[in-house]
Amino acid sequence: MLYYSTNKTAVLASLEEAVIKGLASDKGLFMPERINTLPDSFFDKICSLSFQEIAYEVANAFFGEDVEADKLKEIVYDTLSFDTPIVKVKDNIYSLELYHGPTLAFKDVGARFMARLLGYFISKEAQKETVNVLVATSGDTGSAVANGFLGVSGINVFVLYPKGKVSPIQECQFTTLGKNITSLEIDGTFDDCQALVKAAFMDVELNAKHKLTSANSINVARFLPQAFYYFYAYAQIRKIEKDKKIVMCVPSGNFGNITAGLFGKRMGLAINHFIASNNSNDIFYQYLQTGEYNPRPSVSTLANAMDVGDPSNFARVIDLYKNSIEAIRKDISGAKYSDIQINNAIKACYKETGYLLDPHGACGYLALENELKADEVGIFLETAHPAKFLETVEKSIGEKITIPEKLQAFMKGTKKSIALSKEYSTFKAYLMKI
Ligand SMILES: *Cc1c(COP(=O)(O)O)cnc(C)c1O
């Protein structure tokens, strides 16, 4: 399968090129040239298949031409070493819990898949040159990428994070790993970290010395595998709710997660409707209302992984719907919630149902509460474990909560990072020496 750029001027790329490059040369996002539909026979038996079996069928539709069957199966099965169950919250509202992976957030799925696919491509090359993955993080991406790539041979990961601006729980999830993961504590902001990474990719001298790549959500190998759990959620809900129309509600920031769901629908998955739920960074919501896309600087909210002022995967949504806002509105509606509403939802849902939401999932839950029709059943994506947002959640419900073993284990590790200034020359000198 070949991949075209949403900007339409770059030449078509192979999967290997798209995964290694991340972004097309015309700065567009890679899109698969075809979206294969899955046969009726698959949907007829989907309820009796395991998560891994379902995911393999979906992966095969995208990557089957480029990766041998047994290798692809190994990558999929290895990626999905944890479950993504749906849990009933109350009548007609279910939570798709995507936080049972190593770093307790949905990004584990895409990051683990990408690491394994990249590792496969490197191992095939005659000249096995180490690939250096550079990733700037404001918290969650760094941990998912670092843990996803941990121990994958042929790859070194450098996580750049802003000193003092990520939570202690987030910081220990990438600074305690060691092995092929190096943490760089930058004396600056997240934007400074991102600027350093961008400058490195454009640096001719540096690229002549090292093979560099990025692992953010624009990479096809990170975003497409997120389609897996939409199919599995469908299989689970169809066992419980046989007739109702299915609505998927996705707490959205860069729109990689929801775009993977939209791909699933194109592949034949019977999801009736999607809701993109925003926090106060409501650029997409406004776009649906006005037809105009006006990116603007992000503002900080309680659901901080959705604090995005110019969603990077918007270009993919536009491309998928051939720039027709009518077509987009038919499949996706929007919602937006303030910090006060997020806080109240965490508290009210816990009191009413006993179910604990994280601030991102709370946006999803709220939209279903407000928008669901009588003939519909709704599933919101619970994108991270509430304990990752300990302070917010405990304040909302007025109780202490238990921190899962997995998180506690990270917190016991020894933090190791290299302090660097935000000057590019310092960063470059560091990379030139490795
Ligand atoms: C990244 C993230 C999101 C937003 O996902 P996108 O694919 O960027 O829309 C939502 N919730 C959590 C917890 C995240 O880490």
Side-chain angles (χ1 to χ4, degrees), residues 29 84 95-111 113-114 135-148 166-167 169-170 173-174 190 215-230 248-264 274-285 287 295 298 301-317 332 334-337 342 346 356-367 380-390 392-393 407:
L29 276 64
T84 61
S95 167
L96 173 58
E97 293 185 347
L98 299 175
Y99 58 64
H100 297 282
T103 73
L104 297 93
F106 81 93
K107 290 186 174 76
D108 282 331
V109 174
F113 188 91
M114 182 186 163
V135 60
T137 186
S138 56
D140 264 5
T141 303
S143 52
V145 168
N147 283 273
V166 303
S167 78
I169 288 185
Q170 287 174 323
Q173 284 189 304
F174 49 83
F190 168 66
N216 52 17
S217 74
I218 54 154
N219 198 300
V220 286
R222 252 199 73 190
F223 113 88
L224 281 174
Q226 296 171 157
F228 298 163
Y229 44 70
Y230 288 89
M248 284 278 180
C249 185
V250 189
S252 295
N254 267 321
F255 280 68
N257 206 359
I258 195 169
T259 305
L262 298 169
F263 271 68
F274 286 84
I275 304 174
S277 198
N278 285 152
N279 57 26
S280 300
N281 297 282
D282 62 349
I283 289 82
F284 187 79
Y285 176 84
Y287 164 75
S298 63
T301 76
L302 295 177
N304 60 11
M306 290 153 55
D307 294 348
V308 178
D310 186 5
S312 53
N313 284 285
F314 182 71
R316 284 197 170 111
V317 177
I332 319 166
K336 61 159 184 168
Y337 298 102
I342 291 171
I346 295 171
L356 192 58
L357 299 162
D358 92 288
H360 308 79
C363 295
Y365 171 80
L366 272 171
F380 66 92
L381 277 56
E382 177 58 333
T383 48
H385 194 285
K388 291 189 91 170
F389 307 91
L390 202 62
T392 303
V393 171
L407 265 186

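Keep in mind the model is a prediction, meaning the values are calculated, not measured. As the structure lists them, so they are numbered: ligands from 1, and atoms in each ligand from 1.
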Exercise. Counting N and O atoms only, with roles assigned by atom type, does the side chain of Asn147 sit under 3.5 Å from a partner on the main chain of Gln173, one being a donor and the other an acceptor?
Worked result: yes

Problem set entry | Heteroatom distance test (Gly256, ligand 1): nitrogen or oxygen, under 3.5 angstrom | yes

Exercise. So, does Ser298 use its side chain to make a donor-acceptor pair with the main chain of Gly309 at under 3.5 Å?
Worked result: no

For this session: Distance to 0.1 Å, residue and atom name: give those for the protein heavy atom nearest to atom 4 (C) of ligand 1.
Result: Gly253 N, 3.6 Å

Seminar exercise, completed: heavy-atom search around atom 14 (C) of ligand 1 in the protein gives Lys107 NZ, 2.9 Å

For this session: Walk me through it: do Thr259 and Phe223 pass the test side chain to side chain contact (heavy atoms under 4.5 Å, CB included)?
Result: CA-CA 8 Å; Thr259 305; Phe223 113 88; 3.6 Å; yes

Exercise. Phe255 vs Phe284 aromatic rings, parallel, tilted or perpendicular, using cut-offs 30° and 60°?
Worked result: tilted

Exercise. Where is the nearest protein heavy atom to atom 8 (O) of ligand 1: which residue, which atom, and how far?
Worked result: Asn254 N, 2.7 Å

Problem set entry | Under 4.0 Å to a heavy atom of Ser252 - the qualifying atoms of ligand 1, by number | 9 (O)

For this session: Could you establish whether Ala105 and ligand 1 come within less than 4.0 Å of each other, counting only heavy atoms on the residue side?
Result: no

For this session: Would you check whether Met306 has a nitrogen or oxygen atom less than 3.5 angstrom from a nitrogen or oxygen atom of ligand 1?
Result: no

Exercise. Do any N or O atoms from the side chain of His360 and from the backbone of Ala305 form a donor-acceptor pair under 3.5 angstrom?
Worked result: yes

Problem set entry | Within-cut-off N or O pair, Asn257 and ligand 1, under 3.5 Å | yes

For this session: Please find out if less than 6.0 Å separates the ring center of Tyr287 from that of Phe314.
Result: yes

Exercise. Counting heavy atoms only, which part of Asp140 comes closer than 4.0 Å to ligand 1: side chain, backbone, both or neither?
Worked result: side chain

Exercise. To which protein heavy atom is atom 13 (C) of ligand 1 closest, and what is the distance rounded to 0.1 Å?
Worked result: Thr383 OG1, 3.3 Å

For this session: Could you list the atoms of ligand 1 found under 4.0 angstrom from a heavy atom of Ala384?
Result: 13 (C)

Exercise. Is it true that a side-chain atom of Ser277 and a backbone atom of Ala367 form a donor plus acceptor pair closer than 3.5 Å?
Worked result: no

Exercise. Within less than 4.0 angstrom of ligand 1, does Phe223 place any heavy atom?
Worked result: no

For this session: Look at atom 5 (O) of ligand 1 and say which protein heavy atom is nearest, naming residue and atom and giving the distance to 0.1 Å.
Result: Phe106 CZ, 3.4 Å

For this session: Return yes if a side-chain donor-acceptor contact under 3.5 Å exists between Asn279 and Asp307, otherwise no.
Result: yes

Exercise. If we only count N/O pairs under 3.5 Å, is Phe389 in contact with ligand 1?
Worked result: no

Problem set entry | Any donor-acceptor pair under 3.5 Å from Asp310 side chain to Pro295 backbone | no

